[in-house]
Amino acid sequence: MLRAFIAIEIPLEIKKAIAAQTASLQKETGHAVRWVTLDNIHLTLKFLGEISPSSVELLSQSLQLECSQYAPFEIAVSSLGCFPSPRRPRVIWIGLHAPAELTQLQHKIETTVARLGYDMQDKPFSPHLTIGRVREQISADESLHLRAALESKIIDDLGSFSVRAIHLFKSDLQSSGSVYTSLYSGDLGSYYAEI
Ligand code: 2AM
């Protein structure tokens, strides 16, 4: 079995801009947060969980079929936020401004993989880039300090990028952390290119 998810890759220049603008926050929050390494920042569209290697081909074909019906689109990257709320930060993320196509494509992927037998996500899609996860065991002091650091942090415009492909990734948990590898890349817009 392999752990898999469907996601959009983020260009390196955007990830570098995120790193530059969050460097002071990362320093201030110290041990309280496990920051995501640059390589691992991505926009998750669908978490599949454990899948059998034999299902990769069908998932890839389905992904390509959905992708081919959408033209490439732009996503703007900005702002800092937390799940479930700034008062109780567990996941720290960078927010995105995306056109309706992103939500439509995510919904199509969700319903297609549900037909293949994967669980349907009950929460509404909320596009974000996870950049940090707050550790379980932090002191009250660390928690207060973290909230203050997050509240005072202002993130400028981080640029925008063009989405041209959606990837099926596998995730391997290694001693150094998760390693994500693209198993398949579905290109957007091939349908448009043909007509
Ligand atoms: P997120 O960081 O955008 O929330 C790969 O593991 C990605 O799949 C993670 O970065 C996470 O996306 C998402 N993910 C991991 N475990 C998940 C779960 N149990 N339910 C939903 N999404 C999950």
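Counting starts at 1 for both ligands and their atoms, in listed order. As the structure is a computational prediction, the values presented were derived from the model and not from experiment.
Scanning the protein heavy atoms around atom 2 (O) of ligand 1, the nearest turns out to be T130 OG1, 2.8 Å. Counting protein heavy atoms only, atom 23 (C) of ligand 1 is closest to F47 CG, 3.3 Å. The protein heavy-atom contact nearest to atom 4 (O) of ligand 1 is H128 NE2, 3.3 Å. In terms of protein heavy-atom proximity, atom 10 (O) of ligand 1 is closest to H42 NE2, 3.0 Å.
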Next on the checklist: The test is side-chain hydrogen bond (donor to acceptor under 3.5 Å, both in side chains); show your working for K153 and S24 and say whether it passes.
Outcome noted: CA-CA 9 Å; K153 182 72 204 165; S24 59; 3.3 Å; yes
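At least one side-chain heavy atom of V77 sits under 4.5 Å from a side-chain heavy atom of F161. Using a 4.5 Å heavy-atom threshold, the side chains of L116 and S55 count as separate.
Near R3, meaning under 4.0 Å from any of its heavy atoms, are these atoms of ligand 1: 16 (N).
In K46, neither the side chain nor the backbone holds a heavy atom less than 4.0 Å from any atom of ligand 1.
Around CZ of R88, the count of heavy atoms belonging to other residues, nucleotides or ligands within 6.0 Å does not exceed 12. The environment of E50 atom CD is dense: over 12 non-hydrogen atoms of other residues, nucleotides or ligands sit within 6.0 angstrom. Shown here is E57, whose CD atom has no more than 12 heavy atoms of other residues, nucleotides or ligands within 6.0 Å.
Checking only distances, Q121 never comes within under 3.5 Å of ligand 1, N or O to N or O. For ligand 1, one of its N or O atoms has an N or O atom of T44 under 3.5 Å away.
Using 4.0 Å as the threshold, R133 has a heavy atom nearer than that to some atom of ligand 1.
When all heavy atoms of L188 and V163 are compared, the pair lying nearest together is CD2-O, 3.6 Å.
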